Structure formats: structure tokens, C-alpha cells
Amino acid sequence: MKTASAGSSRNRKGGDPPARGAERGRRKPEFTSRRGLLIAAFMAPAAIFVAVFTYYPMIAGSQMAFRNWNLTDLSDTSWVGLKNFRDVFADPAWGTVLTNTAVWVFGSIVPQLVIGFALALWLRRKFRFRGLYQALVFFPWAISGFLIGILFRWLFNSEFGVVNDVLQKAGLIDEPVAWLADPKTAMFAVVVANVWYGVTFFTIMILAALQSVPEELYEAAALDGAGKVRTLFQITIPYIRVTLALTVLLRVIWIFNFPDLIFGMTGGGPNNETHIVTTWMIKITQQGDYGRASALGLIVVATLLVFAVFFLLATREKREVKP
């Protein structure tokens with residue numbers, strides 16, 4: 001009995017302290033005013049930086065949209081209400097700019113998605129020098145959009161551009177085409193450049209999603225006699241549909257707010273035929289009409305907010321399936 005009692009006593013003495021220590025280790029530190037002040041002190045520099053260089057310019061720029069704010073005459077910056085917005089919608093170039101924006105966004109998204117998906121399916125397979133091919137496909141994403149625009153401006157040059165040279169040697173055209181000077185072909189040229197530039201983004205995102213598809217699903221489909229097309233539409237696409245939706249929505253927002261490439265290629269010309277909303281806003285800013293440019297900027301923000309709502313709704317499904 002003494003031995004059992006002693007053993008029980010030793011078990012209590014040896015076991016209780018670690019249990020209490022583990023409980024103390026799991027206990028969260030108490031939040032005190034001193035700790036709160038310390039956290040606030042560490043966050044203050046970042047908060048001040050964001051407030052001064054992000055939120056203040058946004059608020060100041062937003063109020064310009066409702067004032068007569070023109071650099072040619074700063075003596076009168078009176079409140080004009082919605083006049084700047086009416087001027088934007090009444091501008092003769094507004095219809096062309098709006099059409100160009102739709103062509104720019106949707107004409108770029110569809111080829112980028114299709115080509116990017118095909119490249120991702122190809123790169124998912126194991127073959128020799130696959131890493132080298134992946135590096136070559138991903139390389140354009142590391143280059144500035146403005147530099148890509150300058151590159152394609154030379155490629156589409158009517159006198160010594162590579163595009164005309166290749167097409168003439170292939171017998172597809174008889175004489176050089178002024179791609180960037182002709183209103184009928186200028187928008188097509190910038191869309192082609194944007195497709196080449198944006199395919200990489202879709203390839204990266206889709207390839208990462210394809211790596212998560214279990215091989216067992218493909219093996220089961222092969223045993224059931226499913227072909228490649230049936231496997232693609234019944235296994236691959238449904239499994240990565242959330243990633244596809246997020247990628248498309250994110251890319252729509254990106255392209256809508258992407259004037260770099262157009263400025264590098266055409267600067268919005270000829271005769272506003274390649275201007276989209278964001279490049280037109282920059283042009284108005286360069287003319288000194290900050291009131292109208294700010295109004296156009298708010299229109300852009302409102303449009304992007306709509307896409308952001310769709311983005312959040314699409315991501316909600318992904319968050320809900322997490323354990």
C-alpha cells in the first residue's frame with residue numbers, strides 16, 4: 001500500500017506540473033493598454049504612409065471631379081456638381097473610347113484564356129527540357145508592359161517591321177500594311193500584342209491549378225474509356241473551375257486598367273482609334289483638365305468595383321469549402 005501510495009504520489013508530483021505548464025503555454029497573453037500602445041506604435045508609420053500617399057490623393061482627386069479644375073485657369077475652381085461627368089459623356093470621342101475598351105478587354109481575354117489553357121495542359125506533361133520551355137513561356141511576364149508596347153511598335157512598323165516581312169514572304173499580303181497608322185488595323189495590332197503578353201498569366205495560374213488535380217481521377221476515367229475531350233470537360237475543367245473564374249475576373253480588372261502597352265505602341269492614335277478609358281483619362285490629364293480627368297477616374301473606379309464584387313462572390317465558394 002505504501003508502494004502504491006508513493007507511486008501515486010510521485011505520479012501526481014511528476015505529472016501535474018507539466019499539465020499546468022502546458023495549460024499556461026496555451027494561454028493567450030493578456031491584452032493590456034501598454035501592449036495596445038506598442039502595437040499602435042509599430043503600425044503608425046505604415047498607416048501614416050498609406051494615408052498620406054494613397055487615401056489623401058484619392059480624396060483630393062475625387063473632389064476635383066466636382067469642381068472646375070483646369071490648369072489653364074486656376075483662378076476659378078468653383079463647385080460645378082456633375083458638369084464634368086456630363087462633359088465626359090457628351091464628348092464625341094466617348095463612344096469610340098467605350099467601344100475600344102470593350103474590344104480591348106474581351107478581345108484579349110478570350111484568346112489569352114484559350115491559348116493559356118492549351119499551354120498549361122502541354123506543360124503539365126512530362127517531357128525533356130520542360131523546365132526550359134516553362135521559363136520561355138513565363139519570361140514575358142517579367143517585362144514591363146510599356147517595353148512590350150515599344151517592342152511590338154517596331155514589329156508592326158510599316159517600313160521595316162518583322163510582321164510585314166513575314167506576311168509578304170508567306171504570300172499573305174502584296175505590300176506592307178500600315179498596322180498602327182490605319183484606324184482599321186491599329187486596334188487589332190494592340191490586341192494581338194496584349195494577347196501575347198497576357199497568355200503567360202493564364203498559363204501560370206492554370207498550370208498551378210492543374211498540379212492539384214489527383215492522378216487517380218484520370219486513371220479512373222481511362223479505365224472507364226473516357227477520351228481526352230470527355231476527360232477535359234468532365235474532370236479537368238470542373239475541378240479547377242474556381243481558379244478559372246478567379247483568373248478571368250482578375251485579368252478583366254487588370255486589362256481594363258492597363259494603359260501601358262497602348263501608350264508604348266500607339267499613344268492612343270491614330271485619331272483616338274486605340275484609346276481606352278484609362279489612356280483617354282491620361283490624355284485629358286496631360287491637357288490640364290483635371291476636373292474632367294478626375295470624373296473619368298471615378299467612372300473607372302466604379303466599374304472596377306463592380307468587377308471586384310464579382311471577384312469576391314467567386315472567391316466565397318473557395319473559402320466555404322475550406323475545413
Side-chain angles (χ1 to χ4, degrees), residues 47-109 144-146 149 180 183 186-187 190-191 193-194 249-313:
I48 293 173
F49 184 87
V50 172
V52 172
F53 294 100
T54 301
Y55 294 114
Y56 173 74
M58 287 176 59
I59 296 173
S62 298
Q63 62 91 19
M64 286 183 184
F66 305 95
R67 292 183 178 274
N68 182 30
W69 203 284
N70 199 309
L71 291 185
T72 59
D73 183 15
L74 292 177
S75 60
D76 179 19
T77 58
S78 57
W79 186 270
V80 295
L82 299 177
K83 177 181 179 300
N84 290 320
F85 293 90
R86 291 194 296 268
D87 290 343
V88 168
F89 297 137
D91 195 301
W94 173 246
T96 301
V97 170
L98 205 58
T99 303
N100 289 344
T101 303
V103 172
W104 169 251
V105 174
F106 297 105
S108 300
I109 281 292
S144 165
F146 184 76
L180 303 180
M187 198 64 203
V190 296
V191 168
N194 194 36
L249 289 172
L250 188 61
R251 191 65 185 141
V252 166
I253 295 173
W254 202 321
I255 293 176
F256 188 90
N257 197 31
F258 183 58
D260 310 34
L261 192 146
I262 293 179
F263 260 103
M265 286 188 68
T266 64
N271 193 26
N272 297 327
E273 289 298 327
T274 57
H275 265 309
I276 59 174
V277 174
T278 49
T279 59
W280 195 43
M281 179 181 65
I282 296 174
K283 178 185 176 181
I284 295 174
T285 304
Q286 292 172 342
Q287 294 173 350
D289 194 348
Y290 279 29
R292 199 153 59 100
S294 298
L296 191 56
L298 289 182
I299 295 173
V300 171
V301 171
T303 306
L304 293 181
L305 282 176
V306 173
F307 286 115
V309 169
F310 283 109
F311 181 85
L312 292 175
L313 291 176

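If you're wondering where the values come from, they're calculated on a predicted model, not measured in any experiment. In this chain, numbering begins with 1 at the start of the sequence shown.
By the 30° and 60° cut-offs, the orientation of the rings of F258 relative to W104 is parallel.
Checked by atom type and distance alone, the side chain of N194 never pairs as donor or acceptor with a backbone atom of I109 at under 3.5 Å. Between the side chain of T101 and the main chain of V277, a donor-acceptor pair closer than 3.5 Å is present. T99 contributes a side-chain N or O that, together with a main-chain N or O of G95, makes up a donor-acceptor pair within less than 3.5 Å. For Q63 (side chain) and A60 (main-chain N/O), a donor-acceptor pair under 3.5 Å exists by modelled atom type.
V50 meets the side-chain contact (heavy atoms from CB on, under 4.5 Å) test with T54, Y55; sequence neighbours excluded. Legend: residues meeting side-chain contact (heavy atoms from CB on, under 4.5 Å) with I282, ordered by chain and number and at least two apart, are P259, F263, Q286.
Remark: R251 CZ to L249 CG distance equals 13.0 Å, nearest 0.5 Å.
Between F89 and F85, the gap from one ring centroid to the other reaches at least 6.0 Å.
Between the side chains of N272 and K283, a donor-acceptor pair is found at a separation under 3.5 Å.
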Donor-acceptor contacts under 3.5 Å from residues 290-298 side chains, at least two apart:
residue : atom : partner : partner atom : Å
R292    : NE   : D289    : OD2          : 3.2
R292    : NH1  : D91     : OD2          : 3.0
S294    : OG   : G61     : O            : 3.2
S294    : OG   : Y290    : O            : 2.7

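Here the closest heavy-atom approach between residue N100 and residue T274 is recorded as ND2-N, 3.8 Å.
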